[in-house]
Every structure is written in C-alpha cells, then in structure tokens.
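A quick write-up on the structure given underneath.
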Amino acid sequence: MTHVSSLYLHVPFCKHLCNYCDFYKKRYEPDSNQMEDFHQSLELSWLRHEELLTSRSYKLDSLTSLYLGGGTPSLWGMAGAEFMGRWLNDRLKLGPGAEFTMEIDPGTWAEEMVLAWKAIGLNRISIGTQTLDPNFIKIMDRSHSLDETFELLEYTQKHGWNFSLDFLLGLPFSREKKRNIENELIQLLKFKPKHISLYILNARSKYPHIQSMPEDEFIREEYLFVSDYLQKLGFIHYEVSNFALPGYESKHNLKYWKGEAMGALGPTATGYLPQSEIQATRYKWKVTKSEVEIEELGIKEINLEHIYLSLRTNIGWKPLVILPPLERLFSSWENMKYGHFTEGRMKLNSLGFLMMDSLMDDLFRIGF
Ligand SMILES: C[S@@+](CC[C@H](N)C(=O)[O-])C[C@H]1O[C@@H](n2cnc3c(N)ncnc32)[C@H](O)[C@@H]1O
Ligand code: SF4
C-alpha cells in the first residue's frame, strides 16, 4: 500500500457569488438543509474515496497537510468544526507539524468560529483580501467592506496566526481609476504576512467589465512590479502565483506542484494518485452526486504535467536527457532573461513565469 498524506476538501458555499469567480459554489441559504446535505454527501464520498484509494493500492495516512478551499470554507463555521472534529477523531489524523489551512472570506468569519477550528488543529489561514482600495473592492463585487478586511488582518496578526493573503492584479478600470498597487502593498505588508498569493484576474467573455480590462502590457508591468517589490523584501517567488518568506511556502500546494499523491473530497475537488513513473490516476468529484470522474494518465501525460508543474516553481525542470534542440531552446530562454539553466536544471524567474504559456508552446514546437 502507498500512502496519501495530503487532503483537499472543497466547501461549495458562498454568502455572495462574486461576478468574476469560476470556482464551483452555490449561494449559502442559512435556513435551508444545505449543510446537512453537504455532510451527507461527504459521508457518502468518504466511502467512495476509500474504495477508489484501495483499488489503486493507496491508503490515507496521517496527514502532513489538510486544505479547506472553496467556495468559502469559513462559512462552514461551527457546524464544520464539529463535523471535521469528528472526522479528525475517527478517520483522519493530523501528523506532527501538519499544515491545516482554511480559506476565509473577510465577510464570513467570527472569532468563536476561528477558535473552534483552532481547537481541532487549524494552524494556517488564507485570507481573500483581493485589493485594499475602496473603489476596487466595489468594482470587484465583494460582499465585504474594507473595514472587515482590516479587522481580519488585525486579528490574524495580533493572535500570531500563520496566514496568507490573496491579492488580485489586472482589475477592470485599473488604468482609468489609477489603481495604486504600491500603496496597497505598503498597507498589506504592515500586517507582516509570510505568504502572498498573487493572481491575475481571469475573466470570461460574460464578465460584466470585460470591456474595461487592462491590456496585457499593463498587467505584465503590474506583475513584475509586485514580484520585484516583494523579492526586495525577502519574499521568494517560489511559484507562478505564490510568494513566501523562507520556510513559509505552502506545504500543501508544493505537494501538488511536485506531482505527489493528493486526496480530495467535495464537489469539483480533484485528487491525484501516482502509481509509477508511467501510470497515474486523476479523479474529480461530480457536483450532483458522490461519484468521481476518473482519468488514467500514461507516460506522455505524466511527463508533460511534470514539465509544466516543475517549470511553474522555483525548483525548475531537470530533464533526464538534454538533446541539442532542447539545449538551444534553454539557451534562447536564458538570452531572453526568462531564467537560468544550471547543472542540467532549467529554472524560470518572474519574467519566465509570466511567459509560461508561450514557453510551453516552444517546447511543443520541438517535440515535447
Ligand atoms: C476560493 S477563493 C478564496 C476564499 C473566499 N471565497 C474569498 O473569496 O475570500 C480563492 C481565490 O481565488 C481567486 N480568484 C477567484 N476567481 C478568480 C479569477 N477569476 N481570476 C483570478 N483569481 C481568482 C481570489 O483571489 C480568491 O481569493
Ligand atoms: S467568495 Fe470567493 S469563492 Fe465565493 S464567489 Fe467570491 S471569490 Fe469565488
């Protein structure tokens, strides 16, 4: 039996459905049976998950990371702490030093709830900050005020929480309304976060502000500005969208980027079970019932994914064999200042991370 020691759990509720967000979620109706139904579906999913793991010779081990994402896990509240508390007694175990993260929307938390989760092992909070500009918090259709964001930031800092912030770039009207990223960063950094996730807003054609999105060059400047700013303060740009002070990288996400085994539960949550270097199973939970869609990966898919995921991180990609076309490509990337090729490993920098899609196209062109 091989062990899975990381679990992602998707909590599919939000108080308000932000108009830019594509994550799977439903509006939370406090007087409905949503929570009971969710608990019931998790119980059923647990059984199906056990069956799936066993069929691939896997077993859930004591966890090194547990990640509650969403949707809005903080909305799961006291009922969630009670439910997970039971699971952490009966069927899951947090190993020593395990990282246990919950995503919190600044409009949906209470101290009592945070303490109930802390009592069952929560030790890391990811805050959906997005922006600290009052104009943009409105444009971004957030349901909370900036005061609520500051309240949560103050609370987490005061109580010594290990926390991460989500920060969005490429917002509509950024140029017209003169978004001052530096000023927002100065305010954010006063709270001494050890980890920052920096996302470029990804908007679909139906997005109400699609006509007012900044152009690529503007976003590129924003991204490189933030990256440079944070690196000068000691943050490591350790993945395309993630910065951390040394030692504060997300253990959970690193496992995903390294292609290690990952358990998953909850609608749309995706798990990964590598069985060998040439065989792996990916599964994704359906939204209507406690069943999974299964994708079996072969050597080609595994290799491609390995290249893509390792180039996304500062660990970089070390090909087994480097034939002349690849060597020439790496040297052209170096010339373009996208990263460094040393000791057989290609490591991208912030500019390279920004160019990921076109670099992958370069690799396809030479036959990868
Ligand atoms: C599940 S949400 C975080 C928790 C909570 N629901 C909240 O919004 O505060 C995860 C993060 O994804 C990012 N996100 C959501 N939609 C996005 C989009 N269309 N493009 C880029 N990032 C997005 C936001 O930064 C958000 O904080
Ligand atoms: S609260 Fe978070 S998960 Fe929910 S819609 Fe907004 S960004 Fe998406």
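Quick note: numbers below take in every heavy atom, side chains included, and nothing from hydrogens, waters or symmetry partners. Throughout, residue positions are numbered sequentially from 1 according to the sequence presented. Just so you know, ligand 1 is whichever comes first in the structure, and atom 1 is the first atom listed for that ligand.
Those atoms of ligand 1 with a heavy atom of Cys21 less than 4.0 angstrom away are 16 (N). Within the listing of ligand 2, atoms 1 (S) sit less than 4.0 angstrom from a heavy atom of Asp105. For ligand 1, the atoms sitting less than 4.0 Å from at least one non-hydrogen atom of Ile200 are 20 (N), 21 (C), numbered in the order shown with element in parentheses. Less than 4.0 angstrom separates some heavy atom of Gly128 from each of these atoms of ligand 1: 9 (O), 27 (O). Close approach of ligand 2 to Thr72 (heavy-atom distance below 4.0 Å) involves ligand atoms 1 (S), 4 (Fe). In the vicinity of Gln130, heavy-atom distances shorter than 4.0 Å reach the ligand 1 atoms 8 (O), 9 (O), 24 (C), 25 (O), 26 (C), 27 (O). Short contacts between ligand 1 and Asn202, defined as distances under 4.0 Å to a heavy atom of the residue, involve ligand atoms 18 (C), 19 (N), 20 (N), 21 (C). For ligand 1, the atoms sitting less than 4.0 Å from at least one non-hydrogen atom of Leu201 are 18 (C), 19 (N), 20 (N), 21 (C), numbered in the order shown with element in parentheses.
Taking the six-membered ring for Trp and thresholds of 30 and 60 degrees, Trp76 and Phe83 have ring planes inclined between 30 and 60 degrees apart. The aromatic rings of Trp109 and Tyr155 are tilted relative to each other, their planes meeting at an angle between 30° and 60°.
Residue Gly71 places a heavy atom less than 4.0 Å from ligand 1. Within the structure, ligand 2 has Gly71 among the residues with a heavy atom less than 4.0 angstrom away.
Looking only at distances, no side-chain donor or acceptor of Thr2 sits under 3.5 Å from a matching main-chain atom of Tyr58.
Contacts between Arg142 and ligand 1, counted as non-hydrogen atom pairs separated by less than 4.0 Å, involve the side chain only. With a heavy-atom cut-off of 4.0 Å, Lys25 touches ligand 2 through its side chain alone. Contacts with ligand 2 closer than 4.0 Å are made by heavy atoms of both the backbone and the side chain of Cys18.
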Quick one: do Glu296 and Arg56 satisfy salt bridge (charged side-chain N to carboxylate O under 4.0 Å, His left out)? Show the steps, please.
CA-CA 11 Å; Glu296 301 294 355; Arg56 303 296 190 281; 2.5 Å; yes
Given Arg175 and Glu215, is the salt bridge (charged side-chain N to carboxylate O under 4.0 Å, His left out) satisfied, shown in steps?
CA-CA 10 Å; Arg175 200 188 275 285; Glu215 64 278 21; 2.4 Å; yes
After noting the C-alpha distance and the side-chain angles of Glu295 and Arg282, does the key distance pass the salt bridge (charged side-chain N to carboxylate O under 4.0 Å, His left out) rule?
CA-CA 5 Å; Glu295 186 189 359; Arg282 173 172 299 122; 3.3 Å; yes
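For atom 2 (Fe) of ligand 2, the nearest protein heavy atom (residue, atom name, distance) is Arg142 NH1, 4.0 Å. In terms of protein heavy atoms, atom 8 (Fe) of ligand 2 is closest to Cys21 SG, 2.3 Å. For atom 13 (C) of ligand 1, the nearest non-hydrogen atom of the protein is Tyr199 CD1, 3.9 Å. Distance from atom 3 (C) of ligand 1 to its nearest protein heavy atom, with residue and atom name: Glu103 OE1, 3.6 Å. Looking at atom 15 (C) of ligand 1, its nearest protein heavy atom turns out to be Phe23 CE1, 3.5 Å. The protein non-hydrogen atom at the shortest distance from atom 4 (Fe) of ligand 2 is Cys14 SG, 2.3 Å. Leu168 CD2, 4.1 Å is the protein heavy atom nearest to atom 23 (C) of ligand 1.
Checked against a 3.5 angstrom limit, the closest N/O atoms of Gly70 and ligand 1 fall outside it. Considering backbone and side-chain N/O atoms, Asp166 comes within less than 3.5 Å of an N/O atom of ligand 1. The N/O atoms of Tyr20, backbone and side chain alike, include one that comes under 3.5 Å of an N/O atom in ligand 1.
When ring centroids are compared, Tyr8 and Trp285 stay outside the 6.0 Å threshold. Phe235 and Phe243 have their aromatic ring centers separated by at least 6.0 angstrom. In this structure, the ring of Trp317 has its center less than 6.0 angstrom from the ring center of Phe368. Between Phe23 and His10, the ring centre distance reaches or exceeds 6.0 Å.
A donor atom on one side chain and an acceptor atom on the other are found under 3.5 Å apart for Tyr20 and Arg142. In this model, a donor atom of one side chain and an acceptor atom of the other lie less than 3.5 Å apart for Trp333 and Asp362.
By the 4.0 Å N-to-carboxylate-O rule, Asp105 lies too far from Lys15 to be salt-bridged with it.
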